Amino acid sequence: FSSSEYRMNSDGQPAKFQPPPKPVIIDKQKQREERRFLSPEFIPPRGRTDPFKFFIERKDMIQRRKVFNIPEFYVGSVLAVTTADPYANEKVNRFVGICVQRGGKGLGATFVLRNVIEDQGVEICYELYNPRIQAIEVLKLEKRLDDNLMYLRDALPEYSTFDMNMKPVSRLDHEEIPVNKLQVRMKPKPWSKRWERPKYNIKGIKFELPEKKMKEAQKWSQPWLEFDMLREYDTSKIEEKIWKEVSEELKK
Amino acid sequence: MMPIWTKSGKKHAVTLLKVQDCHVLRYISKEESGGKTSKLLVGGKNASPFSKSESAMEIFKEAGVPRKQKVTTFNVTDDAIIKPGTPLYAAHFRPGQFVDVTAKTIGKGFQGVMKRWGFKGQPASHGQTKTHRRPGAISTNKAAKVYRGKKMPGKMGNIYRTSFGLKVWRINTKHDIIYVNGSVPGHTNCLVKVKDSKLPTYKDCNKNPPFPTFFADGDEKLPEDLYDEEIFQFTDPSVTYA
């Protein structure tokens, strides 16, 4: 007795045996290994300094990371930072905000968090390796379309407000970082910078300007820049070496 | 240059100086040199021996040392004389000491009077004819001459200058690196002369320095990193205000 004899096609004829679909095995550990994240402040800038100086600085950075956990985050993720403050009631100061820009290389690396508190926009620039920072928590890990979200200053305040008591958004370990393709609406002009110009190369704004203004902004485009060979700085090999060094040291 | 944090949470900027193959080359006695103290010739970074004449190489051959790129003199008291040929290390200095650093400043070439001496120049508009960055008057009528040393355009930079009273925060004995507070004259990777400070406020600051110098083959075994008392070391947990 087998039920396959009773399986019928849409025509009414006896159906051919279909084998069950093969199970897809997602090797989570391999995915985790393949996805490497090297914090951008480890990559040395192009210049005439001795690479030995960056090596010495990296030793200090790794030493700090062993004691204090600096999580992986990108521009556009929402972070909560608690710092030691001698002038606060409890000597601790907590600030929640969206990471708007990551700057600096080496020990002086910084990140700027932006939030709107009681209708006042506040941006605080924190140093990643400052010993006064007690904890950095990533409440929402995501990327945005741009590397620099300074245009949020001229965007409607709803895009920069985040609840101070926000709960961390849970996500699985092996998933890829989601890219938030949000197009932000702006306040009426004048803006602090002319964001429509091609030098800022912003993709995350919904420009509601007339076509004529957009065309006029393209006058300042410099199409030869992408072909300029002296500006090329290929960091892939440097990143590989530094990634190996950093991951080995952190595992110890 | 690198940031450094103290235990109270303050940030200071720090310059890294590497002691690269320093050897004592020659001892010149007080009578020979004609000064008030005896002198020691010290050589810096190693360089190729082929681009100098034989007579110039004699000093290095006597000391038994490869040719050095820079040779400087240090005025030294008689009890601090070192045998020529001994290597000098970063551990000669200790954290908490104060130090003067001399180097040749970055050469800017022929510069005008506004950049070289900080003159104000003239306004950009309101009728100025061909005069915006010029010195203006160079002397008075009564003087009837231009004084010697008048500030005028000329070659700027590429001269020896010293920053005084810089604190030594940290010393790396393994790689011979001195972490010195603040900035130092000269471009990146230039040769620099480090001396104990001559300022009267720091006269009594050096408590038990290694005298006459730190000898690597001696009995002392120093840890890899020597820190000043106030520095925040990255092995400690984060700073709190209790």
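Only a predicted model underlies this, so the values are computations on that prediction, with no experimental measurement involved. To find a chain, count down the sequence lines: A is the first, B the second, and so on, and within it residues start at 1.
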Practice task
May I ask you to decide if the ring planes of B:Trp169 and B:His12 are parallel, tilted or perpendicular, using 30° and 60° as cut-offs?
Solution key: tilted
Practice task
Sort B:Lys11 into side chain, backbone, both or neither according to what part of it lies under 4.5 angstrom from a heavy atom of chain A.
Solution key: side chain
Problem - side-chain contact (heavy atoms from CB on, under 4.5 Å), paired with A:Phe111, selected from A:Arg102, A:Gln101, A:Glu41 - result: A:Arg102
Exercise for the section: Please flag which part of A:Lys105 lies under 4.5 Å from any non-hydrogen atom of chain B: side chain, backbone, both or neither. Expected result: neither
Practice task
Examine whether an atom of A:Asp85 lies under 4.5 Å from a heavy atom of chain B, and if so say whether it belongs to the side chain, the backbone or both; otherwise answer neither.
Solution key: backbone
Exercise for the section: Consider only side-chain N and O atoms of A:Tyr200 and A:Asp146, and report whether a donor and an acceptor are under 3.5 Å apart. Expected result: no
Fill in the blank from the handout: Among A:Gly106, A:Gly108, A:Pro131, A:Ala84, the residue with the most heavy-atom pairs under 4.5 Å to chain B is A:Pro131
Exercise for the section: Scan side-chain atoms only and decide if A:Thr83 and A:Arg94 contain a donor-acceptor pair under the 3.5 Å cut-off. Expected result: no
Handout entry: Donor-acceptor side-chain pairing of A:Arg36 and A:Ser247 below 3.5 angstrom
Key = no
Practice task
Side chain from CB out, backbone as N, CA, C, O: work out which of these in B:Ile4 comes under 4.5 Å of a heavy atom of chain A, or both, or neither.
Solution key: neither
Problem - Within 45° cone and under 6.0 Å: B:Lys39 NZ/CZ vs B:Phe74 ring - result: no
Exercise for the section: Could you tell me which portion of A:Phe52 (side chain, backbone, both or neither) has an atom closer than 4.5 angstrom to a non-hydrogen atom of chain B? Expected result: side chain
Handout entry: Proximity breakdown for A:Ile133 and chain B, heavy-atom pairs closer than 4.5 Å
Key = backbone
Problem - Proximal component of A:Glu127, with respect to chain B [non-hydrogen, under 4.5 Å] - result: side chain
Handout entry: Segment of B:Thr188 engaging chain A (4.5 angstrom heavy-atom cut-off)
Key = side chain
Handout entry: For chain A, the option from B:Asn172, B:Leu16, B:Thr235 that forms the most heavy-atom pairs under 4.5 Å
Key = B:Thr235
Problem - From A:Leu128, A:Asn130, A:Ile124, residue fulfilling side-chain contact (heavy atoms from CB on, under 4.5 Å) relative to A:Tyr126 - result: A:Ile124
